[in-house]
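Below, each value reflects all heavy atoms present in this structure, side chains not excepted, and no hydrogens, waters or symmetry copies.
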Amino acid sequence: MTTAPVQQYYLSSRPRHLRYIYFITKDFQYQDLVKLMSNNQLLWGGRFNPIIPVIYGEVSEQYKTMLQYYDPDIIFYTSDIDQEYLKDLAPYNPKEYCLLDDPHAYSEITGIDGLYFLSQFSHYNNVILPNQLYLVESPLLGYYDLNFGIGTHINNVDVDLTKNYHQIEVTPEHFNRLHEIIHTNKPISKLSLAEHNIINVLLRSHEISYTDLEIVIAQDSGTIDDLLYFWNRKLYSSKTILYITTEQLEILKTDPFFGAVLYDIGKDNFKVVSMSLDQQQVLDIIEGVFKPMKLPVRFTYTTVNSFPFSIMDGAGARFIGREEQSTNQLLTSDNGLFHLPRLSFTDHVAYSSQKWAIDVEISRIEPYSKPMLRFPYTTSTAFIFKAIHGRITTNRNITLYTNGNSVSTVEVQIPHTRQIIHQLITSPVINGKMQDTSLRDIRYNDASNRLAAFIKAFRNNFHDIEEFFTDIFWVETFEYLIRNNKQAGDAINFSQLKERCILKLKENGIELKDSQNSPENEKNLELGLKETLERLCSYQVFFKGFNLKCKNCSSTFWYHINDIAESVACKGCLHEFTVPVESNFYYKLNDLIKNNMFHAKDLRDGNLTVIRTLVSLKNSCRMDFRYVPQIDVLKNYRNAKPYTDLDIVCIVDGKLFIGEAKHTSTAFFDKNSQKLTCLHTLATIAQEILPDTIILSCYENPNEKLEKAQKGIEHILSKLAYRPKIKTILLAKPDSSHLGGYMYFQ
């Protein structure tokens, strides 16, 4: 007896910074917004967390387009914004939603301090450490904070991470000389450190140049429009962008080192923009402030008609620069230990508040491919990676969260398809939290066992199932063998098979020709049919054997080749008789095939419709397809009778599909004992488990009942909270398109 090979998996993982999106209303306070930006920009990757204004309860179309490119780990929003509205903006699946105006919200904004990247620089470099600058009363505090990352005080993390570098402590006494210190000492910018090794999307637009350096001039602190532009403009470009209010500019223009610092920042031309000042006001600033500096650069006014800018392609562009490298690991079974990848810029994170993410891709190793596993949004990552938090990303992979100090390895268990379907139905993860549904268990039934055995007989080759069961000749042959009333009627010899094939070819205008004039000749037909018949025998669709007539009772029975000896016992009278010399092979149709096609000779079984629906979904899948055969769904472990059954339950490229497959579309409107149709049941289940798609599939569609079923379930869902996509499949009838192909002529 042979055992199935052990399944192996390939795990590719890469650390990255945490990603947040912030939704704020127009009345969000200016100083609170500055604080939010200050908290973000010193964290690894935090400068690329979008801050999105919600005006009168809605996000502008331009911002909606931008949001499609971002996959946040956490979404923050103010309490006067509807969370349900945010969920519909983009295909998000964050770890959680957090209120930004909660007193503890800012403690949730964590990551890795950008100063950890100092390890990539020489110890001779200078680092500025502000000390008690909160004692200074100056409008320039915000200017230095937003543009240079120089806050008002130092903390233990700053001191510890910079202890091996030249620390320049700036106290209130040095505040008026800050530009001079920056220009003279050329300190490492904490802001630029936090932008190292970014894994992010850099948006592209025809409306901008990527070499531009921009100065954003705000009229005052009474509006946040310029501040939002300053922040989100960075999502389009990695070049420097500065933010200055007119009040700050009045002070800065008297600083003799202000121009020198500008020149140090970018020895290129500056674009000056404003959302709150008109063109003439900006031109006056250029003439009155920037040109008198006599720098060898140009300052030009640039109009911003609308923001965000239009995006020029469908995928944006990856952030150009160095990224954290991937770590690969081979898992030689479906469970083992997963080694968390190390950060390239530090071996040890000193403070538990420092957190980051790990993106993980899991591929199943197969003989000729390495398909990547994808997971529905409602998958529990704790079901796969033990003792560590995580989520499913928008591309249906896994992200884990760590501070690196607690564990270096975690247990990993790749769930079998039935296990993961059980979790998705009984305890889906919704909005980052596992929910218990009213559906407590699933189990297979007789129909699902028959279906599983059918597909296993074809060695899970969906292509060949599709080929044979859409071919008019082979389907009609199978049905003929099932329905005829002859003795040993479900067996056929090669001559009979060839005769049936020749008749079917003639019906479709294919006449056999002379072998010297055409490949469509009898000899090639025999070769083609024999090879195809051998394939069907290898799949155990047909069994090889003999039709033998008993000399005692004259009954004819089919005998498997393995049951034949010099003599055999009659299956009727049990009398032994000698096997005739040179008996022809007869090919008997496997009862498993019959039972998936018909209940009885004239009563079709729905299993073939389910099988062909699965084949159709498999063909539409690009990478990962996993399914279970029909399942009974139970609301109580003790119930012998299920709540309902589901014909279709599968994962297609990480999306959860559930549905019903009926031989005829009229069956969609049949009612159960509770006087509900399967459409009502599907809609009810969808509210609990949140599938991506509901499938309605049929083989025959009298009076366009399939289209009516689609409208019916859409009407039911329109009154409910969750509305998955509805997909209908009308299975193609077997046709003659395969006739004359490689299965027929060699």
Novice: Is there a donor-acceptor pair under 3.5 Å between the side chain of Arg374 and the backbone N or O of Val652?
Specialist: no
Novice: Are any of the side-chain heavy atoms of Asn147 and Ile265 separated by less than 4.5 Å?
Specialist: no
Novice: I'd like to know if Asp160 and Lys163 make a salt bridge, using a cut-off of under 4.0 Å between side-chain N and carboxylate O.
Specialist: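 Salt bridge between Asp160 and Lys163, a charged N being under 4.0 Å from a carboxylate O: yes.
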Novice: Please say whether more than 12 non-hydrogen atoms of neighbouring residues, nucleotides or ligands are located less than 6.0 Å from CD in Gln325.
Specialist: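 No - once you tally the heavy atoms of other residues, nucleotides and ligands closer than 6.0 Å, there are 12 at most.
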Novice: Looking at His339, I'd like to know if its NE2 atom is crowded, meaning that more than 12 non-hydrogen atoms belonging to other residues, nucleotides or ligands lie closer than 6.0 Å.
Specialist: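 Yes - once you tally the heavy atoms of other residues, nucleotides and ligands closer than 6.0 Å, there are more than 12.
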Novice: Which heavy atom of Ile689 sits nearest a heavy atom of Pro428, and at what distance?
Specialist: CA-CG, 4.2 Å
Novice: May I ask you to check whether over 12 heavy atoms, not counting those of Arg342, lie within 6.0 Å of atom CZ?
Specialist: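 Count not over threshold, so no.
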Novice: Test Asp73 against every option in Trp356, Tyr20, Tyr401 by the side-chain hydrogen bond (donor to acceptor under 3.5 Å, both in side chains) rule and name the one that passes.
Specialist: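 Answer after filtering Trp356, Tyr20, Tyr401: Tyr401.
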Novice: So do Lys725 and Lys655 actually touch side chain to side chain, heavy atoms under 4.5 Å?
Specialist: no
Novice: How are the rings of Phe76 and Tyr22 set to each other: parallel, tilted or perpendicular (split at 30° and 60°)?
Specialist: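 Geometry flag for Tyr22 against Phe76: parallel rings.
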Novice: Knowing that exactly one of His17, Gln41, Met37 qualifies, which makes a side-chain contact (heavy atoms from CB on, under 4.5 Å) with Arg47?
Specialist: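 So the option named by the test is Gln41.
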Novice: Under 4.0 Å between a Lys/Arg side-chain N and an Asp/Glu carboxylate O for Lys26 and Asp225?
Specialist: yes
Novice: Answer yes or no on whether Lys618 is positioned over the face of Tyr627, meaning its NZ or CZ is under 6.0 Å from the six-membered ring centre and within 45° of the axis.
Specialist: no
Novice: A quick test of your reading: do over 12 heavy atoms of other residues, nucleotides or ligands sit less than 6.0 Å from CD of Gln29?
Specialist: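 At most 12 heavy atoms, drawn from other residues, nucleotides or ligands, come within 6.0 Å of this atom.
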Novice: Could you check whether the rings of Phe121 and His196 sit parallel, tilted or perpendicular, using 30° and 60° as the cut-offs?
Specialist: perpendicular
Novice: Are Asp88 and Arg723 within salt-bridge range, i.e. N to O under 4.0 Å?
Specialist: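 Salt bridge flag = no for Arg723 with Asp88.
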Novice: Under 3.5 Å, is there a donor on one side chain and an acceptor on the other for Ser12 and Glu361?
Specialist: no
Novice: Closer than 4.0 angstrom, basic N to acidic O: yes or no for Arg396 and Asp692?
Specialist: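 Judged by the 4.0 Å cut-off on N to carboxylate O distance, Arg396 and Asp692 do form a salt bridge.
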Novice: Which pair of non-hydrogen atoms, one from Arg418 and one from Ile442, has the smallest distance, and what is that distance?
Specialist: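 Residues Arg418 and Ile442, closest heavy atoms: NH2-O, 2.8 Å.
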Novice: I need the single residue from Lys271, Lys234, Arg233 that forms a salt bridge (charged side-chain N to carboxylate O under 4.0 Å, His left out) with Glu214. Which is it?
Specialist: Arg233
Novice: When you check the side-chain N and O atoms of Thr399 and Asp359, is any donor under 3.5 Å from an acceptor?
Specialist: yes
Novice: Indicate, with yes or no, if the rings of Trp231 and Tyr243 have centres closer together than 6.0 Å.
Specialist: no
Novice: Taking atom types as modelled and ignoring hydrogens, do the side chains of Gln83 and Lys87 form a donor-acceptor contact shorter than 3.5 angstrom?
Specialist: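 Gln83 vs Lys87: donor-acceptor pair found between side chains.
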Novice: Please verify the inter-ring angle class for Tyr97 with Tyr77; under 30° counts as parallel, over 60° as perpendicular, anything in between as tilted.
Specialist: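 It falls in the perpendicular class, over 60°.
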Novice: Are a donor atom and an acceptor atom from the side chains of Ser13 and Gln329 found within less than 3.5 Å of each other?
Specialist: no
Novice: Quick one: closest heavy-atom pair of Ala686 and Pro724, and the distance?
Specialist: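 So the two residues come closest at CB-CG, 4.2 Å.
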Novice: Pairing donors with acceptors under 3.5 angstrom, does anything connect the side chains of Gln7 and Asp334?
Specialist: no
Novice: Going by the angle between their ring planes, with limits at 30° and 60°, are Phe307 and Tyr63 parallel, tilted or perpendicular?
Specialist: perpendicular
Novice: Nearest heavy-atom pair of Ser363 and Met372: which atoms, and what distance?
Specialist: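 Smallest interatomic distance, heavy atoms only, reads OG-CA, 3.8 Å.
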Novice: Report yes if some heavy atom in the side chain of Thr378 is under 4.5 Å from a heavy atom in the side chain of Gln435; otherwise report no.
Specialist: no
Novice: Would you name the heavy atoms of Leu141 and Leu133 that are closest together and state the gap between them?
Specialist: CD2-O, 3.8 Å
